[in-house]
Amino acid sequence: MNARIDRALAGNVGGIVGCAVLAIALVPTLGSDYVVAFGFQFVTWIALALSWSLFSGNSGYASFGHGVFFGVGTYATAAMLRHTDVPFVVVLVVAGVSAAVLAVIVGLAVFSSPRFAGDLFGLITLAMAFIVITVVSNLAFLDGGTGVFVREQAVGSWIGSSTGNLFIVGTLIAAGTALVALAASVSRWGAALRSIRDDEGVAESLGVPTYRYKVLTFAVSAGLAGLAGAPQAIFLGYVEVGAVFTLNIPLLVIMMTILGGITRWWGPLVGAASVVVVRELLLDIGSPELSQIILGAVFVLVIALLPHGISGSLPRSLTRRKAPATEGAHR
Amino acid sequence: MSLLRCTGVTKRFGGVTALAEVDLEVNEGEIVGLVGPNGSGKTTLLSTIAGSLPVSAGTIEFAGRDITRSTPHHRAHAGISRTFQVPRPLPSFSVEENVATGCMFGRDSMGRTAALAKARTVLELVGLGEHAGSEVGKLTLHERKFLEIARAIALDPQLILLDEVLGGLNPSEAALGMELIASLRTRGMSVIYIEHNVRAVSTLADRMYVLNQGRNLAHGLPADVLDDPRVVEAYLGGPTDA
């Protein structure tokens, strides 16, 4: 039993690392500019869906603030590139830590009272978005309302020299997020979060320090989103509040997670991959309105037919063998 | 030696006083019965001991420490575990995962693999071994009640709070349950045992407390308490019909 779990775990880790290495080796060298740019967005959405689900999927506290954490990472990066000369690794760390610190502050307050559980938590994270947008718009060293040109600031560095390098960073972040999601799914950490989702009162009575787990996981989830936001600043080239803090991000991430299912750690990964690919295919229709409607209809249909999402609808025995293979979607 | 001491515990919900200056003491290795009519505050008192309800006044000491303001999980780590009157299994967890969660986060925190192994031995102990891998939704009422006990045992507590764990069971299931409760003492646990069925309590308990309308009515040896005319009056609504 123990050995079987270890082997399945090793298979999962191998799958994540293998897919990331393959993607990094092949996509920037063989892919066209278009493919590399698509690949960058693809891995960014995977990181966003997996990091959202890490907290919200596992604990049941649906956050609408994931776009804020992603945006904080993007703006932290833009500001660092504009005002400093530090290596990109440092920029990445600052982007992730900024988002995580914001989540700790919000989490410490919002989780301190059971009154803010459930729907109210979602509303508060939504309110947080408006506060952060206002702050960023009014602080000159971040934005000040005019938007920030990033491309020129990064053009001389390794990270700014090609989309392929952005893809490499994005893939590493997505793979790292997948490893964190996997770690949570097989450890006490995940058990604690899922017990909170099922019945927080029971979780406490069983000795689960629910407050600590919620604050810390919210911070890790936000920090990973902040990391994913860092290369995005360079990819966009021009950063503005309206485009960065869009409500599309939490809505799409929630859709991806529901679609992929939360009963397996890789559910949101499959969901993100499906949504990104379907959206890309729908671009060929030429009408954004029509493709939005089709995407919505597909979403409703899948929820009606597969209430537990794609990952939750496969029988256990099948998923055990399938799990490493499904990560092929990583490329 | 005193393990738990509640002194003047008061709980108000708005204008309603659910508990008024209740005193209760449990010694090490003791099984204490807690009885009283419906609405007398038994479950409320249990919840203040477990920490899920903060007290309005009074103190609760456990193993020599004041835990009046401790969170429920701190009390679980200190050695208090509880069952719920209406079973509350974690619905997305299997039977053994429910119990393993208690093992993981209880008094001796342990990793997932060790916790699952320990969960299986606990499930064997309560007679649910064959259901270890089942979904909780498939359990009968009696199995759910025993799962509550198994999960509480899994925390490896010094004091276990049982809230009507035998309610709604048929006589043979209840007999199994009573055997199980009696065996907790030999495993080093003290017990507070809420029960509607006074006879079941009086056979198991070393001492009994009777609550009425949120107040201490009587306490002492089961035989003495059951003979107390105030208890007969409050509990049975009159001196007749014993």
Side-chain angles (χ1 to χ4, degrees), chain A residues 1-10 57-60 111-115 117 182-216 261-265 267 307-309 311-312 315-317 320, chain B residues 46-47 49-54 70-84 86-94 96-117 119-120 132-133 136 147-148 151-152 154-157 160-161 163:
Chain A
M1 183 72 202
N2 209 337
R4 211 171 72 204
I5 291 175
D6 287 348
R7 223 178 309 137
L9 188 60
N58 282 321
S59 75
F111 297 131
S112 63
S113 166
R115 273 177 302 162
L182 172 64
S185 78
V186 297
S187 64
R188 303 170 74 221
W189 183 17
L193 294 170
R194 288 189 300 272
S195 71
I196 289 169
R197 181 182 67 209
D198 273 10
D199 190 328
E200 205 163 334
V202 169
E204 269 283 327
S205 80
L206 293 177
V208 178
T210 56
Y211 184 58
R212 194 188 314 158
Y213 271 106
K214 284 185 289 186
V215 173
L216 286 179
I262 53 168
T263 45
R264 305 278 176 278
W265 73 264
H308 298 291
S311 70
R316 253 170 201 270
S317 55
R320 183 153 295 144
Chain B
L46 213 68
S47 296
I49 297 170
S52 51
L53 279 181
S70 302
T71 61
H73 75 261
H74 276 128
R75 300 188 201 201
H77 297 167
I80 299 178
S81 75
R82 72 171 299 179
T83 67
F84 292 92
V86 177
R88 281 163 70 176
L90 299 168
S92 72
F93 287 49
S94 70
E96 65 182 349
E97 285 168 345
N98 260 279
V99 179
T101 307
C103 302
M104 274 186 254
F105 297 98
R107 204 141 62 100
D108 307 311
S109 63
M110 57 179 79
R112 202 162 172 271
T113 317
L116 281 169
R120 267 175 233 118
V136 290
L147 174 58
E148 285 286 325
R151 213 167 54 176
L155 275 78
D156 198 15
I160 188 163
L161 313 173
D163 194 353

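On a predicted model such as this, the values are computed, not experimentally measured, just so you know. All chains are named by letter (A, B, ...) in the order of the sequence lines, taking the proteins before the strands, and each is independently numbered beginning at 1. Computed over heavy atoms, backbone and side chain alike; hydrogens, waters and symmetry mates excluded.
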Please determine whether side chain to side chain contact (heavy atoms under 4.5 Å, CB included) holds for the pair B/S52 and A/E204, giving the CA-CA distance in whole Å, both sets of side-chain angles, and the decisive distance to 0.1 Å. CA-CA 8 Å; B/S52 51; A/E204 269 283 327; over 6 Å; no
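Closest heavy-atom contact between B/A119 and B/C103: N-SG, 4.0 Å.
Of the listed residues B/A76, B/A100, B/S92, the one with more heavy-atom pairs under 4.5 angstrom with chain A than any other is B/S92. By number of non-hydrogen pairs under 4.5 angstrom with chain A, the leading residue of B/M110, B/M104, B/R88, B/R112 is B/R88.
Atom NE2 of B/H77 sits in a crowded spot, with more than 12 heavy atoms from other residues, nucleotides or ligands closer than 6.0 Å.
Using a distance-only test at 3.5 Å, with no hydrogens or angles considered, no donor-acceptor pair links the side chain of B/R151 to the main chain of B/N98. A donor-acceptor contact shorter than 3.5 Å links the side chain of B/T83 to the backbone of B/D163.
Looking at A/S195, both its backbone and its side chain come within 4.5 Å of chain B, counting heavy atoms on both sides. For chain A, the nearby part of B/L155 is the side chain; its heavy atoms alone come within less than 4.5 Å. In this structure, the portion of B/R82 lying under 4.5 Å from any heavy atom of chain A is its side chain and not its backbone.
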